[in-house]
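Side chains are part of it too, since the values below use all heavy atoms of this structure and drop only hydrogens, waters and symmetry mates. Position 1 is the first residue of the sequence, and the numbers go up from there.
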Amino acid sequence: MAWIALARPQSGLRRASRAAVALALVTALLTAGCGRDPAPEPEPWHEGQIFLATGNTTGVYYQFGGGYADLISRNLPGYEARAEPTGASGENITRITGGDMEIGFSQLDTAADANAGRGAFQGRPQQVRALARVYSDYMHVLVRADAEVATLSDLQGMRVSTGSPRSGTDVIAGRLLAAAGLEPERGIRRARLSLPDTASRMRAGTLDAMFFAGGLPTPGITDLLTAAPGRFRFLPIADLIKPLTAAYGPVYTAADLPKEAYGTPTAVPTVTVANLILVGADMPDELAYDLTALLFAHQTELGAVHPEGRNFNRSSAANTDPVPLHPGASQFYRGE
C-alpha cells in the first residue's frame, strides 16, 4: 500500500524542530541586548507533519492507520500524515507524550492505565486524550493442533509468544495467564515477539502457542492459517472474563470470534477490548476537531481499507471512558 510510510529515522523531523526552537531562543536572547525585536518562536503544530503510531505491519492498526494518514494528507489542508509501524499500545502512548508522534492507537485497558499512572505507567500518568473509540480487538490464542491443550492453564511450561514488548497484547496475555492460575513469567517459557516473528516461529515449530489481540480479520493471523492449514487451532478463553473484570473493571468483554473471520468450524468464545485513537493533551482544539470529523466524513473510505473501519459510529466513538476525550473531539460530538 503506497500510502503507508514504513518508518522515519529516529524522529528526525520532530527533533530537528526542537533544535530549531532552541536556536531561535538563543538568537532572541542575543539580539534582545542589541535593541532588536526577538525572533518569533516556531510553532510545532504548524510544521505540516502529522505522524501516526500504529502497530505490527501485519496487524489492523497498521492498515487502519495507513488509511487514516491518507485521508489526512488528502483532506486536511496544510498537513501531510504518515503512518509508522510500532510495538503498538504502550509504545504508542509514550511516543505521543514524548512529542515523537502526534496520533496513536491504543487498546482501552492500556490507555486507562497510562491516564491513571498505573500498571506499566506506575507513578507516571500520561497526558493523552482520545479522539474516538473505534473497533474492538479480539484476543486470538492459537495453539498447535497436536498439543494437549484444552484450557489456558494447560500452557504450563510451554513456549508461548505474548506479543511485542509493551504492546496491549502483551499486557492482556499476562493478565489472562494470571487469571488462569499461571505465573506469566515463570509458568510458561515466555517470548515477547512481534506478530510477523511470532507467525514465523509458529510455522517453524519453535513456539507452542501465541497470543494476539487484533481486529477481524487480522492479516497476520489469516496468513498464518492459510500457510499452514490444519496445524493450529484457536483456544476458547471467555471463561476467564469474570476474574479479569474483578481485577481490572469493565474494560474487557466476552464475545465470540465468529467462524467467518478465519473459516473455523465454529465460533470461538474469547475476550475483547476496545481501541482508542489518542493524541496529546496539548494538541490544538481545532486540529483535534478536524481529525475527528475526518473519521466520519470519510468512513466509507476507511471501511474500504479494512472492514473494521466501518465498526464505529458517532455515539460509540464518543464513549472513551475512563480516558477523557480531547476538548476538540468533544466539541465535534456535541455538534458545535
Rounded to the nearest 0.5 Å, how far apart are CZ of R74 and CG of L294?
-> 9.5 Å
If only atom types and distance count, is the side chain of Q299 paired as donor or acceptor with the main-chain N or O of G309 below 3.5 Å?
-> yes
Salt bridge present between R310 and E308 (N-O < 4.0 angstrom) | no
Polar side-chain atom of T97 near backbone of I93 as donor-acceptor pair, under 3.5 Å = yes
Side chain proximity check, V60 to N275, heavy atoms < 4.5 angstrom = no
R334 atom CZ, over 12 foreign heavy atoms within 6.0 Å = yes
Are any non-hydrogen side-chain atoms of T272 and D137 less than 4.5 angstrom apart?
-> no
Over-ring placement of R203 relative to F232, 6.0 Å and 45° cut-offs = no
Hey, what do you get for CG (L193) to CE (M202), rounding to the nearest 0.5 Å?
-> 11.0 Å
Output yes when a side-chain donor or acceptor of H326 lies under 3.5 Å from a complementary backbone atom of A132, and no otherwise.
-> no
With a 4.5 Å limit on heavy-atom distance, are the side chains of L235 and V149 in contact?
-> yes
Side chains of M210 and T162: does their closest heavy-atom pair fall under 4.5 Å?
-> no
Quick check: are there more than 12 heavy atoms from other residues, nucleotides or ligands sitting under 6.0 Å from CZ of R159?
-> yes
Could you note down all residue pairs passing salt bridge (Lys or Arg N to Asp or Glu O under 4.0 Å) where residues 235-259 supplies at least one of them, sequence neighbours left out?
-> none
Using modelled atom types only, decide if a donor and an acceptor are shared between the side chain of R124 and the backbone of R118 within a distance under 3.5 Å.
-> no
Provide the full list of ring-ring contact (aromatic ring centres under 6.0 Å, His included) pairs with a residue in residues 165-217, sequence neighbours left out, each pair given once.
-> none
Close side-chain approach of L278 and V323, heavy atoms under 4.5 Å | yes
Taking atom CD of E336 as the centre, report whether more than 12 heavy atoms of other residues, nucleotides or ligands fall under 6.0 Å from it.
-> yes
Interatomic distance, CZ@F51 vs CD@Q49, rounded to 0.5 Å, equals 4.5 Å
Parallel, tilted or perpendicular for H140 and F234, by the 30°/60° rule?
-> tilted
Verify, without hydrogens or angle tests, whether D170 (side chain) and S167 (backbone) share a donor-acceptor contact under 3.5 angstrom.
-> no
Atom CZ in R192, atom CG in D197: separation rounded to 0.5 Å?
-> 15.0 Å
Return yes when atom CD of E183 has more than 12 non-hydrogen atoms of other residues, nucleotides or ligands closer than 6.0 Å, and no otherwise.
-> yes
Return yes if some donor-acceptor pair links the side-chain N/O of T169 with the main-chain N/O of A213 below 3.5 Å, else return no.
-> yes
d(M283 CE, I50 CD1) to nearest 0.5 Å is 6.0 Å
Would you say Y262's side chain and T218's backbone share a donor-acceptor pair under 3.5 angstrom?
-> yes
Aromatic rings F64 and Y135: how do their planes relate, parallel, tilted or perpendicular, breaks at 30° and 60°?
-> tilted
Is D113 paired with R175 through a side-chain N to carboxylate O contact shorter than 4.0 Å?
-> yes
Is a side-chain donor or acceptor of N313 paired with a backbone partner of S316 at a separation under 3.5 angstrom?
-> yes
Output the distance between atom CD1 (I96) and atom CD (E102), rounded to the nearest 0.5 Å.
-> 9.0 Å
How about Y68 and V305: do any of their side-chain heavy atoms sit closer than 4.5 Å?
-> no
Close side-chain approach of R314 to F332, heavy-atom, < 4.5 Å = yes
Report yes if some heavy atom in the side chain of I172 is under 4.5 Å from a heavy atom in the side chain of Q107; otherwise report no.
-> yes
Yes or no on salt bridge (charged side-chain N to carboxylate O under 4.0 Å, His left out) for D208 and R231, after CA distance, side-chain angles and deciding distance?
-> CA-CA 11 Å; D208 301 305; R231 286 186 56 193; over 6 Å; no
